[in-house]
Amino acid sequence: MDYRIEKDTIGEIKVPADKYWGAQTQRSKQNFPIGQETMPVEIIKAFAILKRSTAIANFELGLMEEEKAEAIKYAADQVLAGKLNDHFPLVVWQTGSGTQSNMNVNEVLAYVGNEWLKEQGSELKLHPNDDVNKSQSSNDTYPTAMHVAAVLKLEDTVLPAVKQLLSTFEEKQNKFADIVKIGRTHLQDATPLTLGQEISGWHRMLEKSYTMIKESNEHLRELAIGGTAVGTGLNAHPDFSEKVCRAISAYTGRAFTSAKNKFHALTSHDETVYAHGALKGLAADMMKIANDVRWLASGPRCGIGEISIPANEPGSSIMPGKVNPTQSEAVTMVATQVMGNDAAIGFAASQGNFELNVFKPVIAYNFLQSSQLLADSIISFDERCAIGIEANLENIEKNLKDSLMLVTALNPHIGYENAAKIAKTAFADNATLKETAVKLGLLTAEQFEEYVKPEEMTHPK
């Protein structure tokens with residue numbers, strides 16, 4: 001392999017000749033051979049947005065030549081276009097401040113920016129620290145990139161996925177509005193409701209999750225940039241932070257503001273904990289919905305079987321003809337991962353010591369993984385399962401008629417204890433509620449028919 005020699009404050013080091021990173025990135029590669037989880041591309045792109053914005057701010061403040069600012073912007077745009085993905089190799093399990101990934105970005109942008117300056121015939125040269133990292137520290141750039149990446153991920157990936165499934169459930173609850181079925185609580189028979197009402201509960205869960213994610217997202221709009229090393233803003237112009245936030249907002253089309261207290265912004269990640277809590281809430285809802293679907297679709301002959309779902313693939317390598325609720329299974333596995341990620345994020349965020357939290361990469365990695373997994377699984381569940389949900393009317397009618405809990409409608413007429421006597425006797429005798437009520441002399445057949453109307457029990461007056 002061909003190498004070139006790069007230098008940093010520690011000394012010289014060999015770097016692959018075809019890679020654009022420098023000495024600090026290479027040292028990180030050598031010093032942290034841990035795992036296969038590389039820094040999320042969303043973080044790298046958020047850094048690129050940040051670096052082009054800091055270049056704009058430094059130029060506007062008279063701290064950087066226009067040519068250098070343009071070179072940084074050009075290089076950052078190459079990153080944002082996905083053209084330099086191979087030059088960001090660092091793993092998550094590195095320094096807890098994310099310094100080495102910040103320097104990875106600085107080194108790559110300096111390399112590409114210098115190539116651009118050379119093409120322009122300029123004699124200027126970018127330095128990774130003095131120019132690309134000007135007025136900054138890893139301690140304020142990494143949390144800034146975390147917040148920018150999180151806001152974009154929630155708004156562009158998670159919320160649209162939830163909205164898609166919401167649309168499907170709205171269509172289903174309207175379609176099945178008049179199908180009366182037995183309700184279930186504690187996995188036992190309960191009073192009737194419509195299939196549409198049951199699905200409306202799923203719909204409202206997602207509506208609430210959507211609202212909570214949007215609300216929590218607002219707290220991520222405050223950015224740490226300008227705090228530099230410990231929150232004092234050392235080596236940064238007093239107006240630097242505001243100008244960077246304006247530039248980021250202009251580029252992304254989203255509103256970002258400078259954090260009111262930079263000491264908080266560097267050492268605390270409570271906004272991320274809060275926002276991920278909303279994602280955990282969504283995961284909990286999706287776990288419940290997916291479980292309901294696979295219970296209701298269980299069978300096809302020996303389960304509940306009140307709904308049918310699409311058969312996407314063979315379900316068994318030994319049992320011919322078996323089809324399983326695999327989309328529900330994928331969703332529930334994602335939910336468990338998100339809940340695990342939430343525990344990791346909460347613990348990591350609690351470890352801010354003095355002026356800096358040094359668990360930033362693992363917080364960012366888990367947050368973005370949860371976001372992607374939820375979005376992907378929700379869209380897959382919608383397109384390969386929810387859209388194809390149909391009502392099995394025969395099973396629904398049978399289960400409704402067989403249920404002993406229709407006896408609840410008799411409470412106002414014969415009292416709780418008499419109604420319970422009918423239910424228990426009917427169960428013991430394997431008889432119908434109507435037959436038992438008449439046999440016990442508690443009601444006439446006509447009275448039973450008048451009082452027990454399942455469709456009216458779903459919309460009591």
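With hydrogens and angles ignored, the 3.5 Å screen pairs a side-chain donor or acceptor of T332 with a backbone N or O of S328. T267 contributes a side-chain N or O that, together with a main-chain N or O of F354, makes up a donor-acceptor pair within less than 3.5 Å. Within the 3.5 Å criterion, the main-chain N or O of G415 finds no donor-acceptor partner in the side chain of N418. Looking at S209, its side chain never comes within 3.5 Å of a backbone N or O of L206 through a donor-acceptor pair. A side-chain donor-acceptor contact under 3.5 Å links T408 to the backbone of M405. Between the side chain of S268 and the backbone N or O of H264, no donor-acceptor pair lies under 3.5 Å.
Every residue two or more places apart in sequence or in another chain was checked for a salt bridge (charged side-chain N to carboxylate O under 4.0 Å, His left out) with K51, and none qualifies. Among residues two or more places apart in sequence or in another chain, the side-chain hydrogen bond (donor to acceptor under 3.5 Å, both in side chains) test is passed with Q164 by D382, E383.
The side-chain heavy atoms of I309 and I389, taken from C-beta on, include a pair separated by under 4.5 Å. Counting heavy atoms from C-beta on, the side chains of Y210 and K163 come closer than 4.5 Å.
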Would L433 and L404 count as a side-chain contact (heavy atoms from CB on, under 4.5 Å) if you check the C-alpha gap in whole Å, the side-chain angles of each, and the deciding distance to 0.1 Å? CA-CA 7 Å; L433 292 173; L404 298 175; 3.9 Å; yes

Pair K45, E42 - check salt bridge (Lys or Arg N to Asp or Glu O under 4.0 Å), show working. CA-CA 5 Å; K45 289 190 174 183; E42 295 92 342; over 6 Å; no

Would L90 and F32 satisfy side-chain contact (heavy atoms from CB on, under 4.5 Å), going step by step from the backbone distance to the final call? CA-CA 8 Å; L90 301 188; F32 298 96; over 6 Å; no

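The ring pair (Phe, Tyr, Trp, His ring centres under 6.0 Å) analysis of residues 388-445, with sequence neighbours excluded, yields the pairs H413-Y451.
A donor-acceptor pair shorter than 3.5 Å can be found between the side chains of Q372 and D376.
Other residues, nucleotides and ligands place more than 12 heavy atoms under 6.0 Å from the NZ atom of K19.
Screening K181, R184, Q173 for a side chain to side chain donor-acceptor pair (under 3.5 Å) involving E198 leaves a single residue, K181.
When all heavy atoms of N366 and H276 are compared, the pair lying nearest together is O-NE2, 4.2 Å.
Classification of R254 and D156 as a salt-bridged pair holds, one side-chain N sitting under 4.0 Å from a carboxylate O.
Note: H87 and Y20 have parallel aromatic rings, judged against thresholds of 30 and 60 degrees for the angle between ring planes.
To the nearest 0.5 angstrom, Q94 atom CD is 12.5 Å from K360 atom NZ.
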